[in-house]
Amino acid sequence: MNKISIIIPIYNVEQYLPQCLDSIINQTYKNLEIILINDGSTDNSGKICDNYAKVDNRIHVFHKKNEGVSSARNLGLEKCTGDFIGFVDPDDFIELNMYELLYNEQQKTNADIVWSNYCFYYSLNKKIPGEITSNITYNLFNIIEKNNFYSDLFYKYQMKAYLVNKLYKKELFSNIKFPYKKTFEDLFIFIYLISKAAKISFINKILYYYRQRDNSICNQNNTHSIFNPDMIEAYIKSSIDYKYFSGNNRISNLLLFNTYLYTLKNILFYQQRNIYQLEEKYIISQLKLLLKTNIPLKNKITIFRIAYFPNLYRKIKLLRHPKLIKK
């Protein structure tokens, strides 16, 4: 039975941490390595970690100065020894059979990433589930399935690039580090993870409870956000990286990758209007470069429409996908 390393970055969450840890140590899948990174907490979170480690030898606690969730997760990646990796945030909690179900699905499909449904958790009386409606596996070496994956991800299911409701093969994280002191770091590395994955599976079960609280880092304005203009440009330039595409499908993969990026930026436009023009200019320049490559005429027509008539393209997308409209 393979070992699963669960990485938990912790900072000042004493109110929620016991529920989180109880849901992990009582998992039906027992071969776990539970890595707790206490990122300089000033409350009793560090003591809670140490107390749990005394009663469960699968728990390994590392105390460090406060440098942010990315630094904590990077340390967790350095210390983990499992065959698979999972992430849990310290104010969330999971179903007791979450990792058993994710692991069983991985063994059945040999997926690089197994993805469960989740639930936004406000209280016992207020829960909002995600939108996965069926079990499905995407073979990302197949160009049609890869395109379907991107479309389903952002339109049909509107699943987010959260790190936490998934199980990953450890090798996906080779040469990948979380950006230092940036929020929305999940989004930053998500594009690399899916570009390295050959197969991704979804299971239609709510296994992860994503607690919503006003003072969480994702609900605060932060000058280190990945969505500030300087970071956006670096993010896009680093994302469109030719080294991830090789072999006979190189051009097709690159086309789909750029289409995915454009879709993502289109969604961000309705959330972050003030920075969209910077993104659009760079992506359009990349799409125009693709017109000079040896790709099928049908693909060139699609790229031409997006690159030279972006406003018309957006209007068509809005007609097809009205949920993109900012309410």
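Worth knowing before you read on, the calculation uses all heavy atoms, side chains too, and leaves out hydrogens, waters and symmetry mates.
Nearest heavy atom pair, residue Leu77 against residue Ile7, reads N-CD1, 3.6 Å. The two residues Ser23 and Cys20 come nearest to each other via the heavy atoms OG-O, 2.6 Å. Of all heavy-atom pairs between Pro90 and Ile10, the closest is CB-CG1, 3.9 Å. Between Gln27 and Asn97, the shortest heavy-atom distance links the atoms OE1-C, 4.0 Å. Pairing each heavy atom of Leu75 with each of Lys64, the nearest pair is CD2-CD, 3.8 Å.
Relative ring orientation between Phe87 and Phe173 is described as tilted, the plane-to-plane angle lying within the 30° to 60° band.
With hydrogens and angles disregarded, no donor-acceptor distance shorter than 3.5 Å links the side chain of Lys166 to the backbone of Ile113. Judged purely by atom type and a 3.5 angstrom limit, Glu100 has no side-chain atom pairing as donor or acceptor with the backbone of Tyr29. In this structure, Lys199 contributes its side chain and Thr109 its backbone to a donor-acceptor pair below 3.5 Å.
Lys47 pairs by the salt bridge (charged side-chain N to carboxylate O under 4.0 Å, His left out) definition with nothing, not counting sequence neighbours. Contacts of Asp56 classified as salt bridge (charged side-chain N to carboxylate O under 4.0 Å, His left out), with partners at least two apart in sequence or in another chain: Arg58. Scored by the salt bridge (charged side-chain N to carboxylate O under 4.0 Å, His left out) test, Lys170 finds no partners at all (sequence neighbours excluded).
For the residue pair Thr81 and Lys3, a side-chain donor N or O sits within less than 3.5 Å of a side-chain acceptor on the partner. Side-chain contact check for Tyr52 and Asp22: at least one donor-acceptor pair (N or O, by modelled atom type) lies under 3.5 Å. With hydrogens and angles left out, the side-chain atoms of Ser201 and Lys108 include no donor and acceptor closer than 3.5 Å. Using modelled atom types, one finds a donor on one side chain and an acceptor on the other under 3.5 Å when comparing Asn2 with Tyr103. Side-chain contact of Ser45 with Asn38: a donor-acceptor pair under 3.5 Å is absent, judged by distance alone.
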*Would you check, one step at a time, whether the test side-chain contact (heavy atoms from CB on, under 4.5 Å) holds for Ile8 with Leu21?*
CA-CA 9 Å; Ile8 309 170; Leu21 297 181; 4.0 Å; yes

_One pair to check against side-chain hydrogen bond (donor to acceptor under 3.5 Å, both in side chains): Tyr208 and Asp92. What are the steps and the verdict?_
CA-CA 8 Å; Tyr208 193 96; Asp92 300 336; 2.6 Å; yes

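A ring pair (Phe, Tyr, Trp, His ring centres under 6.0 Å) with Tyr210 is found for one member of Tyr121, Tyr16, Phe120 and no other, namely Phe120.
Ring to ring, Tyr138 and Phe202 are close: their centroids are under 6.0 angstrom apart.
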